Amino acid sequence: TMTSVIFIHGMFVTPLCWSGWIDRFNARGILCEAPPWPHHDAPPAELRARHPDPALGKLTLDELVAHFEAIVKKQPSPPVLVGHSLGGLIVQLLINRGLGARGVAIDSAPAKGVFVLRWSMLRANAPMLFGAQPKLLSEAQWRYAFDNRSTPEEVHAHYEKQLVPESKRVARGALGAKIDWQKPHAPLLMIAGGADHIIPPAVNRVNFTKYRHAGSTRDFKLFDGRTHYTVLDGAGWEEVCDFVGDWVTAA
């Protein structure tokens with residue numbers, strides 16, 4: 001049977017971030033799609049021009065999870081779920097509900113109970129904790145949180161290409177997202193970037209070790225020197241993409 005993959009993007013970006021992955025997966029004969037979050041279905045420049053969009057400001061994590069649950073349930077057979085950042089948390093939540101044939105959570109936002117204090121994480125996430133209006137990161141904030149190994153020129157190009165405003169409610173919802181760590185689950189791969197500021201590798205490691213079901217398959221992979229952005233289309237992203245492709249298609 002054909003493997004099919006649903007890619008789930010994270011905060012501050014759109015499905016555009018997966019375009020390279022989709023091309024590489026399609027070349028391997030893997031069917032895939034990257035549905036947008038609600039209010040994320042336009043070019044990034046257009047979404048930035050709409051800021052502050054009141055409808056975006058109302059978006060919650062519960063709505064997002066329900067949105068992707070409905071998409072997954074419509075598939076003819078259970079798809080593989082691949083998520084980045086908050087999309088990784090959505091993958092964890094869906095896998096915990098028994099959805100998806102396999103799950104890959106890349107630089108996953110931590111669920112409730114995954115508590116590792118890192119200054120870089122606090123600094124990168126602080127803009128999301130207060131207020132109701134959507135947040136548009138400055139280029140400096142984007143660089144610190146996502147793109148801390150690129151040149152200023154690369155940071156600017158990535159920002160222009162990818163960045164969109166984001167709902168603070170989604171970020172705050174992650175603080176209360178609950179996972180039953182004891183429950184059997186589909187095979188799960190967790191990936192961490194060694195130079196990730198917003199979701200440092202220590203957070204990914206604790207997230208991974210929370211899972212307790214002895215009979216369920218779990219794998220962990222650290223990519224040294226990777227930022228939060230390089231898994232998408234920063235330098236060397238192909239290595240991460242191909243690793244995930246190999247894991248997804250392994251019997």
Side-chain angles (χ1 to χ4, degrees), residues 1-38 40-41 61 64-109 111 161-162 177 179 184-193 196 199 204 207-208 211 216-223 226 228-234 236-251:
T1 55
M2 289 287 285
T3 302
S4 72
V5 172
I6 292 178
F7 289 110
I8 305 178
H9 68 81
M11 297 198 305
F12 301 112
V13 293
T14 71
L16 182 67
C17 70
W18 294 116
S19 53
W21 287 66
I22 290 170
D23 290 345
R24 281 179 97 80
F25 273 44
N26 284 343
R28 298 176 74 143
I30 303 170
L31 296 170
C32 37
E33 58 177 306
W37 291 13
H40 289 65
D41 50 353
L61 180 61
L64 265 182
V65 176
H67 173 79
F68 282 100
E69 182 167 340
I71 289 169
V72 170
K73 284 180 169 170
K74 280 192 195 117
Q75 307 301 310
S77 59
V80 175
L81 308 177
V82 178
H84 175 245
S85 194
L86 197 101
L89 174 59
I90 293 171
V91 167
Q92 288 184 255
L93 292 167
L94 293 174
I95 291 285
N96 201 232
R97 293 179 184 189
L99 298 162
R102 292 174 155 236
V104 181
I106 305 167
D107 306 336
S108 190
K161 178 181 174 183
Q162 303 280 8
I179 286 173
H185 58 82
L188 182 63
L189 167 64
M190 301 194 80
I191 289 178
D196 191 329
I199 312 287
N204 288 282
N207 194 345
F208 177 75
Y211 284 93
S216 297
T217 301
R218 290 181 290 286
D219 294 307
F220 186 88
K221 174 72 174 171
L222 173 69
F223 283 94
R226 301 273 170 196
H228 203 60
Y229 186 72
T230 48
V231 295
L232 300 175
D233 69 355
W237 65 271
E238 297 91 345
E239 183 192 356
V240 188
C241 178
D242 292 345
F243 182 90
V244 173
D246 291 345
W247 188 89
V248 158
T249 52

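Quick caveat: nothing in here was measured; it's all calculated off a predicted structure. Start at 1 with the first residue, then count along the sequence.
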Across all chains, not counting sequence neighbours, the side-chain contact (heavy atoms from CB on, under 4.5 Å) partners of D23 are none
Heavy-atom nearest pair, G88 first then A105, reads O-CB, 3.7 Å
* Backbone of L189 reached by a side-chain donor or acceptor of R102 within 3.5 Å -> no
- [ ] Please assess F220 against N204 for the test side-chain contact (heavy atoms from CB on, under 4.5 Å), listing each intermediate value before the final yes or no.
- [x] CA-CA 9 Å; F220 186 88; N204 288 282; 3.9 Å; yes
| query | Would you say the side-chain atoms of S216 pair up with the backbone N or O of H185, donor to acceptor, closer than 3.5 Å? | reply | yes
Query raised in the report: Salt bridge or not for K161 and D233, using N-O below 4.0 Å?
Result: yes
ask   = Can you tell if the side chain of P38 reaches within under 4.5 Å of the side chain of L64, non-hydrogen atoms only?
value = yes
- Would you kindly say whether Q75 and S4 are connected by a side-chain donor-acceptor distance under 3.5 Å? no
Rounded to the nearest 0.5 Å, the CZ atom of R24 sits from the CD1 atom of I30 at a distance of 11.5 Å
For G100 and V72 the tightest heavy-atom approach is N-CG1, 4.3 Å
* Heavy-atom distance under 4.5 Å between the side chains of I6 and P35, does that happen here? -> yes
**Prompt:** Any side-chain heavy atom of H9 sitting closer than 4.5 Å to one from Q162?
**Reply:** no
Rounded to the nearest 0.5 Å, the OG atom of S108 sits from the CZ atom of F208 at a distance of 12.5 Å
Is any side-chain heavy atom of C32 closer than 4.5 Å to a side-chain heavy atom of I22? yes
Shortest non-hydrogen pair, I199 vs A109, comes out as CD1-CA, 3.7 Å
Please determine whether side-chain contact (heavy atoms from CB on, under 4.5 Å) holds for the pair R28 and D246, giving the CA-CA distance in whole Å, both sets of side-chain angles, and the decisive distance to 0.1 Å.
CA-CA 10 Å; R28 298 176 74 143; D246 291 345; 2.5 Å; yes
For A177 and A111, the nearest pair of non-hydrogen atoms, with its separation, is O-CB, 3.4 Å
Exercise. Parallel, tilted or perpendicular: which fits the ring planes of W18 and H84, with parallel below 30° and perpendicular above 60°?
Worked result: perpendicular
Rounded to the nearest 0.5 angstrom, the CZ-CZ distance for F25 and F7 is 4.0 Å
To the nearest 0.5 Å, atom CZ of F12 lies from atom NE2 of H40 at 9.0 Å
Output for pair (L93 CG, F68 CZ), nearest 0.5 Å, gives 12.5 Å
Mind checking whether V248 and V104 have side chains closer than 4.5 Å, heavy atoms only?
yes
Hey, mind stepping through W21 and V244 against side-chain contact (heavy atoms from CB on, under 4.5 Å) and telling me if it holds? CA-CA 10 Å; W21 287 66; V244 173; 3.8 Å; yes
Sorted by chain and number, sequence neighbours left out, salt bridge (charged side-chain N to carboxylate O under 4.0 Å, His left out) with K74 holds for none
Under 3.5 Å, side chain of H67 to main-chain N/O of W37, donor-acceptor pair present? no
> Between K221 and W247, is a side-chain contact (heavy atoms from CB on, under 4.5 Å) present by the stated rule, with each step listed?
Replying inline: CA-CA 11 Å; K221 174 72 174 171; W247 188 89; over 6 Å; no
d(D196 CG, S85 OG) to nearest 0.5 Å is 7.5 Å
*Mind checking whether L89 and N207 have side chains closer than 4.5 Å, heavy atoms only?*
no
Heavy atoms of D41 and P36 approach each other most closely as CB-CG, 3.8 Å
Residues pairing under ring-ring contact (aromatic ring centres under 6.0 Å, His included) where one sits in residues 88-108, two or more places apart or in two chains, turn out to be none
Minimal heavy-atom distance between N26 and L31, with the atoms involved, is OD1-CA, 4.3 Å
Would you indicate whether the side-chain heavy atoms of E69 and L94 approach each other to under 4.5 Å? yes
**Report entry** Side-chain touch I106/V82, heavy atoms, less than 4.5 angstrom
**Finding:** yes
